[in-house]
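Worksheet: one structure, shown below.
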Amino acid sequence: MNNFIFENATKVYFGKGCVKEYLDCLLKPYGDTVLLAYGGGSIKKNGIYDTVTSLLRESGKTIVEFSGIMSNPTYTKVLEGAKLAREHHVDMILGIGGGSVMDCCKAVSMAAVYEGDIWEDFWARAGVIDFEPMPLGVIVTAAGTGSECNGGAVITNEEAKIKTGRDYPKCNPKFALMDPTYTYSLPTKQMISGGFDILSHIMETYFSEPNEDNLSDDLSEALMKSVIRNLRAAVRNPEDDTARSNLFWASTMAENRIIKLGKKCDFECHQIEHQLGAYTNCNHGFGLAVIHPVYYRHIYRYSLAKFVRFAEEVWKIPRAGRSDEEMAKAGVEALAGFIQEMGLPTTLRELGISDRAILKEIADSCNISQGSYKRMTREEILEMLQECFA
Ligand code: NZQ
Ligand code: ZN
């Protein structure tokens, strides 16, 4: 196991009714002016907006609204939020939404107080920053990114055509309120996209060194099986509370740093998907679904035993006389089968991408992971993207 330091500063309140029960008390340590941040309006349709604004008014808070945070939030939107926060002397940010809202809020929490050029000093290069962002609390409405329990803020700089993010622990929300019933109104396609994102985070951690006996891999297998089982159940019945609760907590568990402890972590599929997003604005989980099987077909030979273990433990594929190579391949194809079963896209064309010319730019601009079983070359990434196109 590799050395590690562990801390997670976010306090989680999980379960039905948690917003009404705890929000007032959680806001008390901060000042009176709250930047209420949300996305394109789903919270107005499902009633969450009314619930939260009533609670804020009852607590005597002044609300400054920051709305219209888009999926794959842009740096322009971050600067808009930061300006609003500064102009209204906001004391804290309350974000309500999925990964995009939470990430944008974290970025605003930094940009609103940082004196220099935060894009240059944080996102563009791994410079050393050390300052306390504006306090942030989140009410999570979608299972997927796990952004509620980490310091990652994935932001798209449209001008530079870069989508990127890093975990800055001081950006962890102070609190995360997670009521699984708040996720019920998520469109089924988005629920599946988020479900695949969870699976992706776990696989990106699992398929990396070290491979010898380690707790992370055991936890990851339990998590992957839980996500597969509960996503199937939630597709059958979107109001299956057990399934939605398990998916919700699995999304946090996959990205709250715990399973990453002692592991190198790969995240090459994420690196490619982020640049795919920068060029096409595609849905995060959908992009990952297209990339993962193609990537694993390229790398399984470099860690055959781990892919055999994946086939046996996660997909329960019997040996039945198969060689290691056949077992490993069968595991990857079981993953591809699950992607199809969930109705996720399997090609870039299905994602609505028709311009092959951008593939080289994506391959040339994405980060190359240090944690992969096989360090990819730009040529191989381009080859993979061509295969994804089919
Ligand atoms: O904007 P609104 O109207 O709220 O609608 C959203 C959006 O259209 C909707 N939605 C969310 N909760 C809902 C709901 N609709 C109805 N009922 C609800 N309860 O869902 C749509 C997608 O939301 P979004 O937040 O964009 O999706 P997701 O949670 O998948 O977040 C994706 C973003 O997170 C980044 C991705 O790259 C992408 O930019 N990631 C962040 C990570 C992190 N910070 O740790 C890690 C991830 O790997 C990922 O990169
Ligand atoms: Zn992700």
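Atoms within a ligand are numbered from 1 in the order they appear, just like the ligands themselves. All figures in this text were calculated on a predicted structure; none of them were measured in a lab.
Between the Zn ion (ligand 2) and the N, O or S atoms of His201, the shortest distance is to NE2. Within Asp197, the N, O or S atom at minimum distance from the Zn ion (ligand 2) carries the name OD1.
Which parts of ligand 1 touch Asn150 is read off a 4.0 Å heavy-atom cut-off, strictly below it: atoms 44 (N), 45 (O). Close approach of ligand 1 to Pro187 (heavy-atom distance below 4.0 Å) involves ligand atoms 15 (N), 16 (C). Close contacts of ligand 1 with His274, meaning ligand atoms under 4.0 Å from a residue heavy atom, involve 37 (O), 50 (O). Taking a cut-off of under 4.0 Å to the non-hydrogen atoms of Tyr182, the atoms of ligand 1 that pass are 19 (N). Of all atoms in ligand 1, numbered sequentially from 1 with element shown, those under 4.0 Å from a heavy atom of Ser147 are 43 (C), 44 (N), 45 (O). Of all atoms in ligand 1, numbered sequentially from 1 with element shown, those under 4.0 Å from a heavy atom of Gly152 are 44 (N).
When the heavy-atom distances from atom 21 (C) of ligand 1 to Lys45, Glu204, Gln190, Lys44 are ranked, the shortest goes to Gln190.
Using a cut-off of 4.0 Å between Lys/Arg side-chain N and Asp/Glu carboxylate O, Asp240 and Arg244 are scored as not salt-bridged. A salt bridge between Glu87 and Lys83 is present, with a side-chain N of the basic residue lying under 4.0 Å from a carboxylate O of the acidic one.
Nearest heavy atom pair, residue Ala37 against residue Cys105, reads CB-SG, 3.4 Å.
A chain of hydrophobic side-chain contacts below 4.5 Å, direct or via other Ile, Leu, Val, Met, Phe, Trp or Tyr residues, connects Leu219 to Phe248.
Under the 6.0 Å cut-off for aromatic ring centres, Tyr22 and Phe175 do not qualify, their centroids lying 6.0 Å or more apart. Between Phe207 and Phe310, the ring centre distance stays below 6.0 Å.
Heavy-atom contacts from other residues, nucleotides or ligands closer than 6.0 Å to NZ of Lys374 number more than 12.
Using a 4.0 Å cut-off between heavy atoms, Ser193 makes no contact with ligand 1 at all. Proximity of Asn46 to ligand 1, defined as any heavy-atom pair under 4.0 Å, is confined to the side chain (atoms from C-beta onward). Only side-chain heavy atoms of Asp103 come within less than 4.0 Å of ligand 1; its backbone N, CA, C and O stay farther off.
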